[in-house]
Each structure stands twice: as structure tokens, then as C-alpha cells.
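The block underneath contains the structure these notes are about, expressed in C-alpha cells.
Remember, it's 1-based here, ligands and their atoms both numbered in the order they're listed. Scope of the values below: all heavy atoms of this structure, side chains included, with no hydrogens, waters or symmetry mates. The residues of the chain are indexed from 1 along the displayed sequence.
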Amino acid sequence: MELVSQNRCFGGTQSVYRHRSEICDGEMTLGLFLPPQAANGPVPLLWYLSGLTCTHENAMIKAGLQRHAAEHGLAVVFPDTSPRGEGVADDQAYDLGQGAGFYVNATQRPWARHFRMYDYIVTELPTLLMEEQPLNGQHGITGHSMGGHGALTIAFRNPELFRSVSAFAPIVNPTRSDWGRKQFSAYLGDDEAHWVDYDACLLLAERGWAGDILIDQGATDQFLDLLRPEAMANLMAERRQAGVMRMQAGYDHSYYFVASFGEDHVRWHAERLKAA
Ligand SMILES: N[C@@H](CCC(=O)N[C@@H](CSC=O)C(=O)NCC(=O)O)C(=O)O
């Protein structure tokens, strides 16, 4: 990975790297926070997947996770939300194409060549980070909105890699939402059988999750009808799934909401990754 920038941050370092991705067939950018503890030996890694319109930078500069990660000795990676560049397919809408990869492996033209964010997060980037950074192989995953959808679906499908999971205002049931149906149709085609692997509610119903789950959701989020938190709440109750789902009074969908509950999420992951 090529270092783009590095800043001292809460006794650790906040870096930005660029690297060639074989999976996405192009250049990808990411943020990586290393806590002060990483100077003394490998540390666990928390993955933060961002939402629609975000780059690697939004959460890195707005969520305030570094202070809590430094306290608990966790590294945090902030990947981009899609491949980018002039030769990469895009759409004029904010919720399709660049900045809106939905953490799937696209199978349809013109997306299939570059839009392979599921494999990028699950296979290529973990390998690269483990090779080059002081990480101990314990991974937790969280994310916001589209990134919350990514965190839940990726954890549920890869419990051997991701030991802890949480989400902020996730899209929990994209096969029943306009934040999902439009994108899955474009990226995966119209056969809905191919969408099942990317829907957190459908995956949890089919596979369960052996650990517990933390979800925070603003009760006055402007996108509640698209996020469908009630589908996950009902399912968790039906399945008797261990976890905590909190409807936070007065909070919207913004990074003010994420920053307000970031400390709880970092602690959640630290407790579970250190116990692993
Ligand atoms: N442009 C749209 C919505 C954009 C938006 O709210 N993006 C959120 C994530 S939404 C789900 O994935 C976000 O994180 N934005 C970046 C930020 O820094 O706030 C609109 O305006 O309606």
C-alpha cells in the first residue's frame, strides 16, 4: 500500500493509503487508524463500512471513533464505498454506482468488472492489511446505513472472520426497500434468488448469528421507511437472537447520530474481540 497521508491522532496514527485492487480492477483508497498500543504489538481491527455518497473520508473525519479506539487499543479501517475513476461505470443518481457499491459482487454489465466490494472487504483487504500492518487477526465489523447493511451481511456470512458485529441505522431488509431493490436489480439482475445473500434479515433468518448484535437507530431518522428497523427487531425477537436494538429518541441519520453512539460501539467490539 502506498502511504498518502499520516497524522498523529490520540497518541496513535491516522493514515490514508492507496493500493491497486485486483478484485476491483483499479486503485482503491482507505483510511487506517492505529492506536498507541500498536507500537507494542499487534492489535484487533474494527472495520467501519460507510454509507451512500461516502468515500473513505466521511467517517474518518466525522464519526470521532479514533478517541475510543485509542482508549481500547483497536485499529479501525475505513474502506471506500465503491471503486472509482474515469473508466469505472457510474450513474447520475447518488444511490447507484460510484459511492454506492452496496458491498455486493456485481454480476451485471456495466458493473461486474469493477463493483466487487463484497470480495474486496472479505478477502482482498483483510489479506493486505494483515500482511502490512500490526494486526492480530481479530476482526469486528460495523457500519452506517448502506455500510450497516454491509456490516451485518458480511458478518452473518463470515462468522469465522468477523467475531463481533454492530451497526448504525443499517438498511436491514434491502430486498424490501427502494434502498436495495433498485441497486440489486442493477448489480445482480432481476432474479431475486440472487439477492438473498445480501439481505441481513433473510440471512439472519436462515443462518442465525452465534454472538450478539448491537444496533442503534435514530427514532426520527428521515430514512426510516427505507431502513426498515422493524423487520430486524421483529426477527430478532422471533428468533430469540441475542442482541440490543436501541431506538434513540430525537436522533436523525447524520454523523451527529453516529458520533453520539460511537463510544458504545467501539467498547462493544473491544470487549468481544479481546475475549475471542
Ligand atoms: N444524498 C442523499 C442521501 C445521502 C446520505 O444521507 N448519505 C449518508 C448515508 S445514507 C445511507 O447509506 C451519509 O453517510 N452521508 C455522508 C455524510 O458525511 O453525512 C440525500 O441528501 O438525500
Side-chain angles (χ1 to χ4, degrees), residues 14 16 29-31 33 46-66 76-84 90-104 106 111 115 117-118 120-121 141-155 165-188 195 198-201 203 214-232 245 247-248 250-262 265-266:
Q14 177 62 64
V16 173
T29 305
L30 59 98
F33 173 73
L46 176 60
W47 293 71
Y48 182 96
L49 304 186
S50 293
L52 292 166
T53 72
C54 291
T55 66
H56 67 282
E57 197 174 44
N58 296 63
M60 192 179 92
I61 62 177
K62 287 180 164 183
L65 298 178
Q66 293 93 340
V76 186
V77 62
F78 303 93
D80 204 345
T81 55
S82 79
R84 295 178 191 273
D90 201 5
D91 189 275
Q92 289 195 332
Y94 75 92
D95 58 359
L96 188 68
Q98 298 186 30
F102 262 80
Y103 305 100
V104 304
W111 311 106
F115 282 72
M117 288 301 290
Y118 178 85
Y120 176 66
I121 299 294
I141 190 164
T142 189
H144 173 228
S145 195
M146 176 184 74
H149 141 76
L152 295 172
T153 54
I154 285 172
V165 64
S166 75
F168 302 86
I171 305 169
V172 295
N173 198 191
T175 62
R176 293 285 167 270
S177 167
D178 288 342
W179 272 356
R181 296 188 65 81
K182 167 186 170 178
Q183 295 80 5
F184 289 0
S185 180
Y187 295 145
L188 306 171
W195 300 3
Y198 297 111
D199 184 301
C201 282
L203 287 167
L214 171 63
I215 296 176
D216 273 305
Q217 171 64 63
T220 47
D221 187 317
Q222 59 272 43
F223 300 118
L224 274 177
D225 290 344
L226 295 163
L227 303 168
R228 295 179 48 76
E230 65 282 0
M232 180 58 78
M245 187 156 175
M247 297 298 292
Q248 302 286 6
Y251 285 88
D252 62 18
H253 198 64
S254 69
Y255 266 94
Y256 295 109
F257 157 70
V258 176
S260 299
F261 299 102
H265 286 247
V266 171

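- What sits closest to atom 11 (C) of ligand 1 on the protein, heavy atoms only, is Ser145 OG, 2.2 Å.
- In this structure, Trp111 and Tyr187 have perpendicular ring planes: the angle between them is above 60°, well past the 30° mark.
- Relative orientation of the His144 and His253 rings is tilted, given thresholds of 30° and 60° on the angle between their planes.
- Atoms of ligand 1 lying under 4.0 Å from at least one heavy atom of His144, given by number and element, are 14 (O).
- Which parts of ligand 1 touch Asn58 is read off a 4.0 Å heavy-atom cut-off, strictly below it: atoms 16 (C), 17 (C), 18 (O).
- Aromatic pair Tyr251/Phe261: ring centres closer than 6.0 Å.
- Residue contact check: Met146 has heavy atoms under 4.0 Å from atoms 11 (C), 12 (O) of ligand 1.
- Inspection of the Ser50 and Asn58 side chains reveals no N or O donor paired with an N or O acceptor under 3.5 Å.
- If you take OH on Tyr255 and CZ on Phe168, they are separated by 8.5 Å, rounding to the nearest 0.5 Å.
- Of all protein heavy atoms, the one lying nearest to atom 2 (C) of ligand 1 is Tyr94 CE1, 3.6 Å.
- Of the protein's non-hydrogen atoms, the one nearest atom 18 (O) of ligand 1 is Lys62 NZ, 2.7 Å.
- Here CG of Leu188 is found 10.0 Å from CD of Gln183. Values are rounded to the nearest 0.5 Å.
- Not less than 6.0 angstrom separates the ring centroid of Phe102 from the ring centroid of Tyr198.
- Annotation: atom 22 (O) of ligand 1 to nearest protein heavy atom, Phe223 CZ, 3.8 Å.
- Once rounded to the nearest 0.5 Å, the distance linking CG of Leu152 with OG1 of Thr142 reads 8.0 Å.
- For atom 5 (C) of ligand 1, the nearest non-hydrogen atom from the set Val258, Thr81, Ile61, Leu52 belongs to Leu52.
- Near His253, meaning under 4.0 Å from any of its heavy atoms, are these atoms of ligand 1: 10 (S), 11 (C).
- For atom 15 (N) of ligand 1, the closest non-hydrogen atom of the protein is Thr53 OG1, 3.6 Å.
- Protein heavy atom in closest approach to atom 14 (O) of ligand 1: Cys54 SG, 3.3 Å.
- Contact annotation: Ser254 has no heavy atom less than 4.0 Å from any atom of ligand 1.
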